[in-house]
Amino acid sequence: MGPFEVLCGIAAVILAVYYYFTSTFDFWKSRGIRGPQPIPIFGTVKNALLMKQSMGDYLMQVYNDYKDEPVVGIFSRREPVLVVKDAELIKEVLIKDFSKFADRGIITYDKVEPLSQHLFNLEPKRWRPLRMKLSPVFTSGKLKEMFSLISDCAENLGQYVEKVAIKNEAVECRELTAKYTTDVIGTCAFGIEMNALSDEDSEFRKVGRAVFATSWLNVIRFRLRRSFPWLFTLLAYILPYTKSTRFFMRTIAESIDYREKNNIVRHDFVDILRELKKHPDKVSDITLTDSLLVSQAFVFFVAGFETSSTTMSNALYELALNPKVQSRLREEIDQEYAKHGSNLTYENIKSMPYLDKVFKETLRKYPPATFLLRQSTEAHTFGGTSVTIPKDVKVWIPVYAIHRDSDIYPEPDVFDPERFDEEASQKRNAMSYLPFGDGPRNCIGARFAIFQTKIGLIKLLRNYKVETCEKTQPYVNDPKAFLLAPKNGIHLRITKVNRS
């Protein structure tokens, strides 16, 4: 083969690769939908893929650049993605026409990542029956039963903080709150004493850190999973299970076996998994494998501790920056204790309006999931528009950008709990506040998350004050993090409240 033929071969390969990466780029233009200009390999998300910008920040940029557009067309590499901004169209996706958007479009890998088969990722066929069977764990009645267990964990948090406060040193609050929420999840959901607060070598805390670590290994796995699913599937025959997978598969199996042998019933998450394992016929049309069942425990653990601990630490950060808000919240907490004594109940906490406003404003400013994922299961034309999408198109709802829209929330960077007084809340469209999503596929553990976060804040703020210190840094979103997280952690000083 001569030089000319070699050059022609190289040119043909380059053209084929170029065509592959650009062949979809007229998708939105042909449908009359505006959006940023894509480039080969990266699409429109170059800075996010190169981890120079978080996806939440990128979508906020798109949201603001196309301020008057109800939808915007972007590309994740070569894949078309519709960013839905308009509140009524968001309601269409999440609620009105949910059946057409019941899928999140996430691939599960039963072999290489057996714990990926959880409620958040599952396709509608397996999601629906499992959601129905797992929902009883999260009713208000169940939450009342768990209340004393959560309170005990919060008491342990208070005792731990007492030792920390004596040292008068900067505290990394994300780690502090993650230890607390890890203990809560372990006690309430699995009946296991995880001892994350008292034991620096707690295995569960190590697993939690590993799952959300912004390491290159985690990032590479995530990129392979999204970009080259066929290659990721092949790796099942090469790669061993991760430590986290082996640990969780073993721990849940041992917990189920122990309860069976000793006839222990706690009516918690593990018991529901036991029932499903004993009576798989109760869940029609799907095969209940061990890995499918353990996946549900896994997601409850990782999502339950991480999102709540992040919200707690973000609340502490804002309270340290806004001492007047902190003082007012502590005053409300003191009033409840004065009325009801040291044993607050589920109902007492529900009747604390300012705590609720602080909690909601924290999630407004810092929603852990910065955007919601959906995928069309059939062709759909959005009501009142000429926008039509075919089956299997990704739809993203930019929660972080909506929560920071100055037309909805004036001065969005200001932490103002009064945004959530009853009158102000009623004036806003319900789709402008989506920290837990909405519709049938909203967060199953929202009630649980709310109460473990609130109880933790009450126990901490009752006796301790949080303040900024020399290690406190401005909140910059970490572009490597899977959920919203600050790049440099949250360092604050915690001191005992002087009640003299």
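No experiment lies behind these values; they were computed from the predicted model shown.
Summarising the geometry, atom OH belonging to Tyr63 is positioned 15.0 Å from atom CG belonging to Asp57; distances are rounded to the nearest 0.5 Å. Here the CZ atom belonging to Phe420 is positioned 7.5 Å from the NZ atom belonging to Lys360, to the nearest 0.5 angstrom. Note that CG of Asp97 is 10.0 Å distant from OG1 of Thr377, once rounded to the nearest 0.5 Å. Taken to the nearest 0.5 Å, the NZ atom of Lys480 stands 11.0 Å off from the CZ atom of Phe482.
Asp68 is linked by a side-chain hydrogen bond (donor to acceptor under 3.5 Å, both in side chains) to nothing, counting only residues two or more places apart in sequence or in another chain. Under the rule for a side-chain contact (heavy atoms from CB on, under 4.5 Å), the partners of Ile444 that lie at least two apart in sequence or sit in another chain are Leu119, Arg131, Leu134, Ser135, Phe138. Residues passing the side-chain contact (heavy atoms from CB on, under 4.5 Å) test with Pro390, sequence neighbours excluded: Phe27, Arg31, Val393. Lys91 pairs by the side-chain hydrogen bond (donor to acceptor under 3.5 Å, both in side chains) definition with nothing, not counting sequence neighbours. Residues satisfying the salt bridge (Lys or Arg N to Asp or Glu O under 4.0 Å) criterion with Lys100, sequence neighbours excluded, are absent altogether. Every side-chain hydrogen bond (donor to acceptor under 3.5 Å, both in side chains) that Asn322 has, sequence neighbours left out, goes to Glu318. Not counting sequence neighbours, the partners of Lys67 by the side-chain hydrogen bond (donor to acceptor under 3.5 Å, both in side chains) test are Asp405. For Asp65, the salt bridge (Lys or Arg N to Asp or Glu O under 4.0 Å) test picks out no residue, with sequence neighbours left out. Taking the salt bridge (Lys or Arg N to Asp or Glu O under 4.0 Å) definition, one finds that Arg78 meets it with nothing, sequence neighbours left out. For Lys85, the salt bridge (Lys or Arg N to Asp or Glu O under 4.0 Å) criterion is met by no residue, not counting sequence neighbours. Take Asp86 and apply the side-chain contact (heavy atoms from CB on, under 4.5 Å) test, not counting sequence neighbours, and it matches Pro70, Glu88, Leu89.
Side-chain atoms of Gln452 come within 3.5 Å of backbone N or O of Gly304 as a donor-acceptor pair. A distance-only check finds a donor-acceptor pair linking the side chain of Gln326 to the backbone of Leu319 [under 3.5 Å]. Listed for the His403 side chain is no donor-acceptor partner under 3.5 Å among the backbone atoms of Thr370. Ser76 contributes no side-chain N or O that, together with a main-chain N or O of Glu79, makes up a donor-acceptor pair within less than 3.5 Å. In this structure, the side chain of Arg428 engages the main chain of Arg419 through a donor-acceptor pair within 3.5 Å. Of the possible donor and acceptor atoms, none in the side chain of Glu69 sits under 3.5 Å from a partner among the backbone N and O of Arg34. Between the side chain of Tyr317 and the main chain of Tyr475, a donor-acceptor pair closer than 3.5 Å is present. The closest donor-acceptor contact from the side chain of Glu113 to the backbone of Ser116 lies at 3.5 Å or more, if one exists at all. When atom types are taken as modelled, the side chain of Ser376 and the backbone of Asp392 share a donor-acceptor pair closer than 3.5 angstrom. Not one N or O on the side chain of Asp26 forms a donor-acceptor pair closer than 3.5 Å with the backbone of Lys29.
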Item to check | Stepwise side-chain hydrogen bond (donor to acceptor under 3.5 Å, both in side chains) check, Gln117 with Ser291 | outcome: CA-CA 8 Å; Gln117 307 167 77; Ser291 59; 3.0 Å; yes

Item to check | Chi angles and distances behind the side chain to side chain contact (heavy atoms under 4.5 Å, CB included) call for Phe75, Thr22 | outcome: CA-CA 10 Å; Phe75 292 86; Thr22 62; over 6 Å; no

Next on the checklist: Determine whether Phe371 and Tyr400 satisfy the following criterion, ring pair (Phe, Tyr, Trp, His ring centres under 6.0 Å), listing intermediate values before the conclusion.
Outcome noted: CA-CA 7 Å; Phe371 61 106; Tyr400 183 79; over 10 Å; no

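In this structure, the side chains of Arg77 and Leu49 come closer than 4.5 Å at one or more pairs of heavy atoms. Counting heavy atoms from C-beta on, the side chains of Val325 and Glu361 never come closer than 4.5 Å.
Taking each heavy atom of Ala48 and Met55 in turn, the nearest pair found is CB-CE, 3.8 Å. Across Ile74 and Trp28, no two heavy atoms sit closer than the pair O-NE1, 3.0 Å. Nearest heavy atoms, Leu197 versus Asp183: N-OD2, 3.3 Å. Residues Ser54 and Asn477 share a closest heavy-atom pair of OG-CB, 3.8 Å. Among all heavy-atom pairs drawn from Ile185 and Phe301, the shortest one is CG2-CA, 3.7 Å. Nearest heavy-atom pair, Leu329 versus Leu461, reported as atom, atom and distance to 0.1 Å: CD2-CD1, 3.6 Å.
For Trp127 and Phe98, the distance between ring centers is under 6.0 angstrom. Aromatic rings of Phe21 and Phe42 (six-membered ring for Trp) have centroids beyond the 6.0 Å cut-off, not under it. Tyr180 and Phe305 have their aromatic ring centers separated by at least 6.0 angstrom.
The pair Arg205-Asp199 fails the salt-bridge criterion, with no side-chain N (NZ, NE, NH1 or NH2) lying under 4.0 Å from an Asp/Glu carboxylate O. No salt bridge links Arg328 with Glu332; every basic N to acidic carboxylate O contact stays at or beyond 4.0 Å. With respect to Glu306 and Arg174, a salt bridge is recorded, a charged nitrogen being found less than 4.0 Å from a carboxylate O.
Side-chain contact, Tyr409 with Lys365: no donor N or O sits under 3.5 Å from an acceptor N or O. Using a 3.5 Å distance cut-off with no hydrogens or angles, the side chains of Asn429 and Ser432 do not pair a donor with an acceptor. Thr44 and Tyr58 share a side-chain donor-acceptor pair at under 3.5 Å.
Phe190 and Phe300 have perpendicular rings, their planes meeting at more than 60° on a 0 to 90° scale where under 30° would count as parallel. Between Phe101 and His380, the angle of the ring planes goes over 60°, which puts this pair in the perpendicular group of the 30/60° scheme.
Arg364 forms no cation-pi arrangement with Phe415, by the criterion of a distance under 6.0 Å to the ring centre and an angle within 45° of the ring axis.
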Less than 3.5 Å apart, which donor and acceptor atoms pair up between the side chains of residues 486-495 and the rest of the protein, not counting sequence neighbours?
unit_1 : atom_1 : unit_2 : atom_2 : d
Asn488 : ND2    : Gln473 : OE1    : 3.0
Arg493 : NE     : Asn168 : OD1    : 3.4
Arg493 : NH2    : Glu470 : OE1    : 3.4

